[in-house]
Amino acid sequence: MGFHKCDAPASGYIHRRASPLFSPNSSGDNIVAFDSKRRWQFPDALCYYIWDCGYQPPAAFVDDIMNGEVTEAFRLQTKGLPNATTDDFNGQTGGVIGYLSQAEVDAAARNPWGPPEGFREKLVAIMVPLFARQGLTFQCG
């Protein structure tokens, strides 16, 4: 199938290790809708962007992960290239997040974000079933 390798921060990973904690490879897109009426699309490598590069997702996404109930979720095998736009979201708000350019990765690393306690566990609880449906394993901690 193949994958897309995400950019590394020019200044190095925010944890200052030589190698990333999470895979920088992405082979799919994840679409998750919440009871907030928001729907989000993001790459498999979202954990890499957050915990290795310092990316801060939109506050509404963090709120949905921390407090929302998933109403719909699916994963598309796409080699990591976004294949939907916010126009595909049937009137729901939210959006396409986490597809970072080199400049965005570098900017995140200069001012890294610290996720709230429990964020990783809640994200994993949403993602594991999406991957399992395709016989894959989601890795985020």
Side-chain angles (χ1 to χ4, degrees), residues 1-90 92-141:
M1 191 49 53
F3 61 89
H4 166 78
K5 184 167 179 147
C6 304
D7 293 323
S11 61
Y13 298 113
I14 62 170
H15 45 68
R16 300 295 172 228
R17 295 180 184 181
S19 59
L21 299 172
F22 302 100
S23 174
N25 300 329
S26 187
S27 65
D29 298 305
N30 304 282
I31 311 224
V32 181
F34 291 88
D35 58 350
S36 64
K37 304 293 186 224
R38 290 186 291 255
R39 185 172 173 163
W40 302 96
Q41 177 183 330
F42 51 91
D44 293 343
L46 188 64
C47 289
Y48 166 78
Y49 282 131
I50 292 172
W51 284 281
D52 288 312
C53 301
Y55 168 67
Q56 180 177 359
F61 176 78
V62 175
D63 182 60
D64 281 340
I65 294 292
M66 296 301 293
N67 304 305
E69 293 292 325
V70 174
T71 59
E72 178 186 20
F74 58 96
R75 180 180 181 278
L76 303 170
Q77 190 74 26
T78 60
K79 294 187 177 182
L81 300 174
N83 70 347
T85 67
T86 52
D87 294 339
D88 296 321
F89 286 9
N90 298 322
Q92 293 176 306
T93 60
V96 178
I97 64 167
Y99 299 91
L100 305 186
S101 67
Q102 182 68 55
E104 291 167 316
V105 168
D106 291 341
R110 284 192 298 274
N111 188 23
W113 174 68
E117 187 174 330
F119 181 80
R120 185 183 311 189
E121 293 79 8
K122 290 187 177 203
L123 179 61
V124 168
I126 292 168
M127 300 309 299
V128 165
L130 293 181
F131 276 62
R133 286 184 213 149
Q134 294 182 342
L136 303 171
T137 302
F138 181 71
Q139 310 247 338
C140 190

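For the pair Arg38 and Phe61, the cation-pi criterion (under 6.0 Å, within 45° of the ring axis) is not fulfilled.
Atom CZ of Phe138 and atom SG of Cys47 lie 4.0 Å apart (nearest 0.5 Å). Here the CD1-CZ distance, from Ile65 to Phe34, works out to 4.0 Å after rounding to the nearest 0.5 Å. From Ile50, atom CD1 reaches atom CG of Leu21 across 12.5 Å, with rounding to the nearest 0.5 Å. A distance of 5.0 Å separates CZ of Phe131 from CG of Asn30, quoted to the nearest 0.5 Å. Atom CG of Leu46 and atom CD1 of Ile97 lie 5.5 Å apart (nearest 0.5 Å). Interatomic distance, Asp64 CG to Lys37 NZ, rounded to the nearest 0.5 Å: 11.5 Å.
With ring centers used as reference points, Tyr49 lies 6.0 Å or more from Phe42.
Classification of the Trp113-Phe119 ring pair by plane angle, with boundaries at 30° and 60°, yields perpendicular.
The shortest distance between side-chain heavy atoms of Tyr48 and Ser23 does not fall below 4.5 Å. Using a 4.5 Å heavy-atom cutoff, the side chains of Val32 and Leu130 are in contact. With a 4.5 Å cut-off on side-chain heavy atoms, Pro115 and Trp51 count as touching.
In this structure, Arg16 places its CZ atom where more than 12 heavy-atom neighbours from other residues, nucleotides or ligands lie under 6.0 Å away.
In this structure a side-chain-to-backbone donor-acceptor pair under 3.5 Å is missing from Asp52 to Tyr13. A distance-only check finds a donor-acceptor pair linking the side chain of Asp44 to the backbone of Ser27 [under 3.5 Å]. When atom types are taken as modelled, the side chain of Gln102 and the backbone of Ala8 share a donor-acceptor pair closer than 3.5 angstrom.
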- request: Could you walk me through whether Tyr55 and Glu104 pass side chain to side chain contact (heavy atoms under 4.5 Å, CB included), step by step?
  value: CA-CA 8 Å; Tyr55 168 67; Glu104 291 167 316; over 6 Å; no
